[in-house]
Asks: 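Let me give you the structure first, and then I'll get to my questions.
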Amino acid sequence: MKPLTTLAFILLCVACRGEAPDKSTGFDGAAAYGYAGVQVGFGPRVPGTPAAKAAGDWIVAEMRKRADQVVVQAFDYKDAKGKIVPMRNILARFRPELKDRILYVTHWDSRPTSTGRCCSPEAQTEVERNVPVPGANDGASGVGMFIALGDLLKKNKPAVGVDLLFTDGEDYGVFGPPPVDVLIGAQYFADHPPQADYHPLFGVLWDMIGDKDLRIPQEGNSINSAPEVVQRVWDLAAELGHSDVFVPENGGGIDDDHTPLLRAGYRIIDVIDLNYKPHHTPEDTMDKISAKSLGIVGDVAAALIARQ
Ligand SMILES: [Zn+2]
């Protein structure tokens, strides 16, 4: 390139940069990855275990440093075998005084059993089945993203109220059908909203969002029940240049934490990448997720709040 052409190129770039809207949200994917790593470091967050107690205490403490208010919903759950299991939902609220609110949901527990796609249940021994999953993607990726989002919301107060709900007991039992002992915290929250007239503008469940090979189609129940929220999220992701990750195709419907909330009348969708090989196996570890993927999803989550 000749010097003159180089100068013209630089000037042109400066000019176009001046005109282009700033799309960066400041979301820190590396920080989110670091928080997810701390969460996984406690060990499997199986409800009722010391690791779950420690991890839950840590989330409460971290969110108290960032949010305007932290509400802990502690309750005892009687499982299908009659065992009483302590559970905790953690709700971190930013600008709780505002009526217009956005609800984000992610689960913080991890699965007591490895029942993943690695092999058929018959091929698994009892010992293999009873290995709890580390849950780097399934249970920690969303937590990491939420804490990093907390960093951002503490720095830049949102113009709209934001509630970050960490649910417990999402993955405790079997999804069936019929589902037994799963989606426990989300159902509890649906039955016990934080205030009498609680009607968020919309909600998003963020689940398994850290896969290195991230690809998020639209979830079927979300398309059927809250299509305007699906549209909003995928349009914004495309605008931010993430349509290679947020692909506008129907990925099929699943039961997840959004289903009890949809039944309760919330306009909420599920953002999930279910196509994850180590899903519900002992291989769901930190090396399978990435700061880059968390950065992309965190960017969309942060922009959704900033645009409201
Ligand atoms: Zn799971």
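Since the model is a prediction, treat every value here as computed from it, not as a measurement. Ligands are counted one by one from 1 in listed order, and the atoms in each one are counted from 1 as well. In what follows, every heavy atom counts, from backbone to side chain, and hydrogens, waters and symmetry copies are set aside.
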Asks: Tell me, do M63 and F166 make a side-chain contact under 4.5 Å, heavy atoms counted?
Replies: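 With C-beta onward as the side chain, the pair touches.
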
Asks: How is the N/O/S atom of D171 that comes nearest to the Zn ion (ligand 1) named?
Replies: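 Closest to the Zn ion (ligand 1) among those atoms: OD2.
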
Asks: Could you check V233, V230, L103 and say which one makes a side chain to side chain contact (heavy atoms under 4.5 Å, CB included) with V204?
Replies: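 Output: one option passes, namely V233.
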
Asks: Is H280 close enough to the Zn ion (ligand 1) to have an N, O or S atom under 2.8 Å?
Replies: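 H280 does place an N, O or S atom closer than 2.8 Å to the Zn ion (ligand 1).
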
Asks: Do the side chains of E62 and R64 get close enough for a salt bridge, i.e. N-O under 4.0 angstrom?
Replies: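 R64 and E62: not salt-bridged.
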
Asks: Using a cut-off of strictly less than 2.8 Å, determine whether D207 has an N/O/S atom near the Zn ion (ligand 1).
Replies: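 D207 does not place any N, O or S atom closer than 2.8 Å to the Zn ion (ligand 1).
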
Asks: Please determine whether D138 has a backbone or side-chain N, O or S atom lying under 2.8 Å from the Zn ion (ligand 1).
Replies: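 Yes.
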
Asks: Of D100, I102, V162, which is the lone residue that meets side chain to side chain contact (heavy atoms under 4.5 Å, CB included) with Q308?
Replies: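 Option passing the side chain to side chain contact (heavy atoms under 4.5 Å, CB included) with Q308: I102.
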
